[in-house]
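Naming convention: chains lettered A, B, ... in sequence-line order (proteins, then strands); numbering from 1 in each chain.
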Amino acid sequence: MSIVDSLIKIILEEWKRQGEKGRVSRINIQVGKLTAIIPRTFQFCFNILAKDTVLENAQLEIAEVPVKVKCSQCNSVREIDEPVFVCPECGEKALEIVSGRELFIESFELV
Amino acid sequence: MEVKVVKNILAQNESIAEENQRIFKENGIFAVNLMSSPGSGKTSILERTVGLIKDELKVGVVEGDICTTADADRLKKFEIQIVQINTEPFGGDCHLEAHMLQKALDCLDLSSIELLLIENLGNLVCPAEFKLGEDQRVAILSITEGEDKPLKYPLIFRVADLLLINKIDLEKHLEVDVQQIVENVAKINPELPVIKLSAKSGEGFDQWKEWLVRGVKERTS
């Protein structure tokens with residue numbers, strides 16, 4: 001809920017900077033799979049918090065970002081589907097997460 | 001019209017967390033964020049830890065709960081600085097956020113604290129997502145929670161700097177496979193150090209105390 005609240009605050013701030021014109025019709029966000037975000041729940045919270053604001057009825061486009069890891073041994077970058085942090089190529093366990101922790105607002109559309 | 005923003009949604013929390021970290025550095029405080037599910041023994045671990053360490057180090061505690069001051073009341077006997085945060089006035093949140101901690105810091109005499117133990121809310125999901133500005137994040141898992149928890153809640157075990165496996169005294173009475181817990185943790189985060197302990201018997205607390213004392217020394221040296 002507080003993450004959605006932060007999102008709405010960021011957009012309202014930017015909307016004011018743009019001259020407080022129009023309504024927000026669409027919001028594009030990127031959510032990594034290794035975050036504590038569930039898109040359906042996010043949408044549910046958004047519907048509640050956006051009510052009676054210029055964001056009401058805006059379409060939330062949530063792009064899920066897969067978890068990718070870079071192996072410290074063989075340097076290969078691979079996507080992993082389950083939370084077992086082992087390099088699919090060589091079995092090494094020391095991996096760096098290169099994507100999957102995103103929680104970004106990319107853009108929104110005004111009409 | 002499309003408006004490009006490209007901003008981390010948690011940017012505000014993270015900038016307050018950075019301020020908190022600066023406050024800890026300025027005051028020579030080693031701050032530890034304790035995260036676990038409800039009933040894993042966070043407060044019992046705190047009770048034993050404070051009792052063990054308070055004559056050596058100046059300890060402060062921040063207690064996070066949705067409501068009640070029960071946890072802070074349990075620690076009152078030690079006559080240390082304690083602040084209770086109830087998230088209910090903030091909307092009943094299920095985790096602490098950096099701004100809540102910052103308010104709590106206002107209530108403490110920071111110049112007389114070396115070790116700040118922050119007890120997050122009982123939850124294995126959301127606390128992992130919100131940095132508070134702490135120096136280290138400690139996850140706690142009790143053996144009664146089952147072997148599968150690291151695989152079910154990978155994020156918290158991935159972001160933690162140390163894992164305490166609590167209630168180890170119950171191992172002989174239960175069918176739980178502690179080695180399996182350790183192996184599952186290693187699948188998520190092979191670099192995560194693990195200390196097995198029991199807040200009831202005190203087993204493993206020497207190692208935990210040593211870890212805390214080392215953190216304080218590194219901060220103050």
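The heavy-atom pair separating A:K93 from B:P190 by the smallest distance is O-CG, 3.1 Å. Here the closest non-hydrogen pair linking A:F104 and B:N8 is CD2-N, 3.5 Å.
A donor-acceptor contact closer than 3.5 angstrom is absent between the side chains of B:Q12 and A:S6.
The number of heavy-atom neighbours closer than 6.0 Å to NZ of B:K209, taken from other residues, nucleotides and ligands shown, is above 12. For B:D177, the CG atom counts as densely surrounded, since its 6.0 Å shell holds more than 12 non-hydrogen atoms of other residues, nucleotides or ligands. Counting non-hydrogen atoms of other residues, nucleotides and ligands closer than 6.0 Å to CD of A:E82 gives a total of 12 or fewer.
Using a 4.5 Å heavy-atom cut-off against chain A, the contacting residues of residues 141-161 of chain B are B:L151, B:P154, B:L155, B:R158, B:V159.
Taken from CD in A:E109 to CE in B:M1, the straight-line distance is 10.0 Å, to the nearest 0.5 Å. Taking CD1 of A:I29 as the reference point, atom NZ of B:K7 lies at 15.0 Å (rounded to 0.5 Å). Summarising the geometry, atom CG belonging to B:L10 is positioned 8.0 Å from atom CD1 belonging to A:I10; distances are rounded to the nearest 0.5 Å. Atom CZ of A:F108 is separated from atom CD of B:E2 by 10.0 Å, given to the nearest 0.5 angstrom.
With chain A as the partner, the residue from B:I9, B:N184, B:V6 showing the most heavy-atom pairs under 4.5 Å is B:I9. Among B:V3, B:I188, B:V5, the residue with the largest count of heavy-atom pairs under 4.5 Å with chain A is B:V3. Chain B forms more heavy-atom pairs under 4.5 Å with one residue of A:Q18, A:R26, A:R101 than with any other, namely A:R101.
For A:V111, no part lies near chain B; criterion is any non-hydrogen pair under 4.5 Å. Contacts between B:E129 and chain A at a heavy-atom distance below 4.5 Å involve the side chain alone, from C-beta outward. For a residue to count as touching a neighbouring chain, one of its non-hydrogen atoms must lie under 4.5 Å from one of that chain's; by this rule A:E92 does not touch chain B.
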